[in-house]
> 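Mind looking over this structure? Questions follow.
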Amino acid sequence: MKQLDKNYSPKEFENRIYADWEEKGYFRAVVDKAKKPYCIVIPPPNITGQLHIGHALDNTLQDILIRWKRMQGYSALWLPGTDHASIATEARIVAAMKDEGVSKDDVGRDGFLERAWEWKRLYGGTIVQQLKKLGSSCDWERERFTMDEGCSKAVQKVFIDLYNEGLIYRGERVINWCPVCRTSISDIECEHEEKDGFFWHINYPLKDGGGYIEIATTRPETLLGDTAVAVHPNDERYKHLIGKTLILPLLNREIPVIADEYVDKEFGTGAVKITPAHDPNDFEVGVRHNLPLVNIMDDSAVINENGGKYAGMERYEARKAVVKDLEDGGLLVKIQPHKHNVGGCQRCGTVVEPRASLQWFVSMKELAKPAMEVVRDGRLKWVSKRFENVYMQWMENIRDWCISRQLWWGHRIPAYYCQNPDCNHVLVSDIAPEKCPKCGGAVIQDDDTLDTWFSSALWPFSTLGFPEKTAELEYFYPTAVIVPAYDIIPFWVARMIFMGLKFMDEVPFHDVFIHGLIRDEQGRKMSKSLGNGVDPLDVIEKFGADALRLTTIYGVSQDSDVRWSDAKVTAARNFANKLWNAARYVLGQCTINNVRISPENLTVEDKWILSRFNRLVKEVTANLDAYDLGVAAGKVHDFIWNVYCDWYIELTKPRLSGGGCESAQNTLMLVMEGMLKLLHPFMPFITEEIWTSMPHSENEHESIMMSKWCEYEPALDFPEEESAFEKVIELIGAIRARRSEMNVPPSKRVSLKIESADFALFKSCAVFFERLAGCNGQLTVSEQLSGDDDTVIVVTAHARAFLPLGELIDKEKESARLEKELEKAKNDIEFINKKLSNEGFITKAPAAQVENERAKLAKAKEKLAGIEKSLDALK
RNA sequence: GGGAGUUUAGCUCAGCUGGGAGAGCAUCCGCCUUACAAGCGGGAGGUCAUAGGUUCGAGCCCUAUAACUCCCACCA
């Protein structure tokens, strides 16, 4: 048996322990019909990612659940993996190539993918190594990647099936285009922000020379793509102009005035320029009125040949030029400041350009229905009602999902187009056709790849073997719970739900356990640009992974954000240190080989701690069941520090210094074992290090992570002794407080007399008053005592204690103090009496409550009597 | 424009289905008491955002108001 070092230094053992667990295969979870399955799939971190504090929280929560369930005897699989993160990774590779002076086009698609895979090989594992530092007990042998062979097969199968059912379609729509990433993005990847802009009022002249129609726009450059001006059909101001022709300024193209209900008469000038290729609403109007689409920009938002003389200008440059030319031409009426929402690319922040283009979409309405149904009928439970609402609201208002991306890194869309202009056949297939099955013409594959989130949506089943019907899929699906932050509910959680239901006919997970974000001390989001990010690896280096873990979840309530502070980590580390020292002491004292409890030898304080521990087991397990992980951790923490260390260890010292005592040793060790188990999911390293340094009973596993979770033991429940001993604690506390108030130094030891109806109890606890209440060993306990002139009297509801502190007593002060206590006691009684004499309370409050108040009254009366007696004696 | 959340001690936050307000840090007092000064003992500090209401009883339930935060939404 090894000995614990004098100092708690997690660096000395965390890595060693993790390597040992891994080597022994403790993380492995297998299909075992004798056990119940419990599976969590990790939210796959991006291969471009570095571990940040959010991952630390996310993974700590999952590891707690997995370790707890493993200890409870489940076959607990935590399935790890990484995400290819198409857009982020591609940007990274492009940037790296730029340093070399080459572009995507220079190296070509194959060359690019070669580089990407190489990049993945070199850096994709970084984050995995970092997760290990946290103590994550993932089954690494099952590690997956969203672009590995199996996941890619799943993606193909799902795409093809949805296409064949008509749930995936290709069509021309106005989508969000990022001119920097040069790809389409979905609606949720477009983040709206209110910005200060302008309203440019422009006159569009009528062809017949009969004046102008004034329109207002926030994006004047889109004028180049206008194909109509719309007014409301009932707008008296414009009714007579409907059907007339306008001359589009600058380009001198003829466009019609049309009538459409979409126009709001009250807003702007009541006349709207219609740019079907660059505005989703205008697009709809265009469809209704059969207007031509004029796309005026290229991939990087540079004006194209449709923009006349503005061709080649960047969009904002073009805006300036257009405005200037309008002004010069006398068509600019006015410029008004105007706040409006601008969409930005989630990844790079660039203002997105709405742009009509041919893309692939998932038709959402039908898929969303069952995804809402399972929440309503309880098959899928959101731990947080609040986020259930977010989810439901999002699902109810769902729109079709644009899934094609103009990127190379990702799952290539398995669609093939016949090049024969007379055929134009589209084939969607997992096998690349050599020629068009219809006309025999040449075919080419779609250039685009799929949205990263498309493969993430399949993660709970693709990682378990889908589309194959594997034993793992059969056993572990549906998984138990998913543990993401709230910011990816629409991106990931929602999509896994409808995909799971569609392809597995079953929810992907039973519970959704959403957590908040970790913010900095001022409550700001951590970000690179602010430089306020906390690097978890630094924290581990300084304080240890256990302290980091405890910090992230301590005080985490289910859905709110948490503030990070160094003070919190320090507190967590100090707690680890406390436990370390307690264990070092207890292990040194307890020289037994086999922990065993013999109830007949137990003292009242042994029974007290066992009973308290028993209750702790019940509560902590219930808290974990309810996903109140922070509460559970808090209870274990408080028990270890405030009950076990502050009281029980001290209480055993007399017996241990008296030459060893088996029942004390056994109780100390048994409770230590149990506390370590309860703490293990939260702080795996320190608990293991202590565990492997202590003796256990034969049936315990050599590793704490594989040992059995504590259960409530009826044989170790001692409610009577528990409440009896609380009386002793109460009196010790009261004596301490009095001595402290009177500035009596701990070194000053005095004799003590105790008066109580429970005199036998207090007599049996004499030694504790010596040890913990400054008694010099001369203790008298009796049912009936009278105070001397020079005694200080301490009163609790169950006892009075007399301390001969004659020289320190100021009789007047003492009497004033007692008067004050008397006053308080009287107030208490009056308060309770008032309640009990209130007829409404007696008749309407539950009986137990009334009984409770009566007991409180009795206790208060006893205390009052004690104080009165003491006052009399003083006089 | 809709919707959600927050508001409790100087700071960070608990407070379960309503029954006389809690912790940690900070602060103050006293202690190197043979596991731990990263510690031990003790204390001070709160009209639970505001105003109404329901109730025998409200930090908790209802209504309104204010401040802060977030999500969703195409008013050009």
Side-chain angles (χ1 to χ4, degrees), chain A residues 4 6-8 174 187-188 192 199 215-219 222 230 262-264 266-275 279-285 338 340-341 343 354 386-387 389-390 393-394 397 486-487 489-490 517 521 523 543 554-557 559-565 567-568 570-589 622-623 626 628 630-631 634 637-638 642 645-646 649-650 653 657 733 736-741 743-747 771-772 774 827-828 831-832 835 838-846 848-850 852-853 856:
Chain A
L4 294 177
K6 174 120 184 28
N7 295 310
Y8 168 63
V174 172
D187 292 338
I188 46 176
H192 292 273
F199 234 169
I215 59 90
T217 179
T218 55
R219 296 187 295 154
T222 61
Y262 150 71
V263 179
D264 180 349
E266 312 303 320
F267 192 81
T269 62
V272 190
K273 63 192 264 318
I274 300 296
T275 324
D279 182 286
N281 295 307
D282 292 7
F283 182 86
E284 297 298 324
V285 174
H338 178 65
H340 64 139
N341 274 328
R386 177 178 160 205
F387 289 117
N389 292 340
V390 170
Q393 209 174 17
W394 192 73
N397 301 311
Y486 61 72
D487 55 353
I489 291 172
L517 309 175
E521 265 170 280
F543 299 95
Y554 200 71
V556 165
S557 63
D559 28 14
S560 55
D561 291 352
V562 191
R563 289 186 194 211
W564 181 268
S565 78
K568 287 180 185 175
T570 308
R573 191 275 318 271
N574 291 354
F575 168 66
N577 186 57
K578 180 79 183 176
L579 173 64
W580 184 264
N581 282 300
R584 201 160 53 83
Y585 167 76
V586 168
L587 268 48
Q589 294 294 314
N623 289 140
D628 285 327
V631 174
H637 171 280
D638 292 350
N642 304 125
C645 290
D646 286 354
I649 286 183
E650 296 305 322
K653 279 180 179 172
S657 65
R736 278 175 173 174
R738 177 58 26 76
R739 287 176 56 113
S740 187
E741 274 167 31
N743 285 321
V744 182
S747 52
R771 215 65 215 192
L772 305 172
N827 280 342
D828 284 356
F831 181 83
I832 305 169
K835 215 177 221 187
N838 177 342
E839 204 173 322
F841 179 72
I842 298 293
T843 53
K844 291 181 183 169
Q849 190 58 41
V850 177
N852 189 20
E853 292 297 327
K856 266 158 77 180

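Letters A, B, ... mirror the listed sequences (proteins, then strands); counts begin at 1. If you're wondering where the values come from, they're calculated on a predicted model, not measured in any experiment.
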> For the pair A:Trp580 and A:Tyr8, name the ring-plane relationship: parallel under 30°, tilted 30 to 60°, perpendicular over 60°.
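The arrangement is tilted - the two ring planes meet at 30° to 60°.
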> Quick one: sort the A:His637 and A:Phe575 rings into parallel, tilted or perpendicular, breaks at 30° and 60°.
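Ring orientation, 0 to 90° scale: tilted.
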> State whether the distance check finds a donor on one side and an acceptor on the other, under 3.5 Å, for side chain A:Arg573 versus base B:A38.
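Side chain to base: pair found, below 3.5 Å.
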> Between protein and nucleic acid, restricted to nucleotides 8-11 of chain B and to nitrogen or oxygen atoms under 3.5 Å apart, what atom pairs and distances do you find?
none

> With heavy atoms under 4.0 Å as the rule, sort A:Pro846 into base, sugar-phosphate or nothing.
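Answer is base: heavy atoms of A:Pro846 come under 4.0 Å of a base.
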> Could you work out the separation of B:U63 and B:C70 based on their P atoms and round it to a whole Å?
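Their P atoms lie roughly 25 Å apart.
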> Which pair of non-hydrogen atoms, one from A:Asp279 and one from A:Val174, has the smallest distance, and what is that distance?
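Taking every non-hydrogen atom into account, O-CG2, 3.8 Å.
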> If we take the C1' atom in both B:G43 and B:G5, what is their distance in whole Å?
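That atom pair is separated by 37 Å.
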> Using the ring pair (Phe, Tyr, Trp, His ring centres under 6.0 Å) criterion, which residues pair with A:Phe831? Sequence neighbours excluded.
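Not a single residue meets the ring pair (Phe, Tyr, Trp, His ring centres under 6.0 Å) criterion with A:Phe831.
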> Kindly give the atom pairs (protein nitrogen or oxygen, nucleotide nitrogen or oxygen) under 3.5 Å for nucleotides 74-76 of chain B.
residue	atom	partner	partner atom	Å
B:C74	OP1	A:Arg399	NH1	3.0
B:C74	N1	A:Asn281	OD1	3.3
B:C74	N1	A:Asn281	ND2	3.1
B:C74	O2	A:Asn281	OD1	3.0
B:C74	O2	A:Asn281	ND2	2.4
B:C74	N3	A:Asn281	OD1	2.9
B:C75	O2	A:Asp264	OD2	3.0
B:C75	N3	A:Asp264	OD2	3.4
B:A76	N6	A:Asp264	O	2.7
B:A76	N6	A:Phe267	O	2.6
B:A76	N1	A:Asp264	N	3.2

> On the side chain of A:Glu650, is there an atom forming a donor-acceptor pair with the base of B:A35 - under 3.5 Å, no angle test?
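Such a pair exists between side chain and base.
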> B:A35 phosphate, OP1 or OP2: any side-chain N/O from A:Lys653 under 4.0 angstrom?
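Checking B:A35 against A:Lys653, a side-chain N or O does come within under 4.0 Å of OP1 or OP2.
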> Would you confirm whether A:Asn581, through its side chain, and A:Asn577, through its main-chain N or O, come within 3.5 Å as a donor-acceptor pair?
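Checking the backbone N and O of A:Asn577 against the side chain of A:Asn581, a donor-acceptor pair under 3.5 Å is found.
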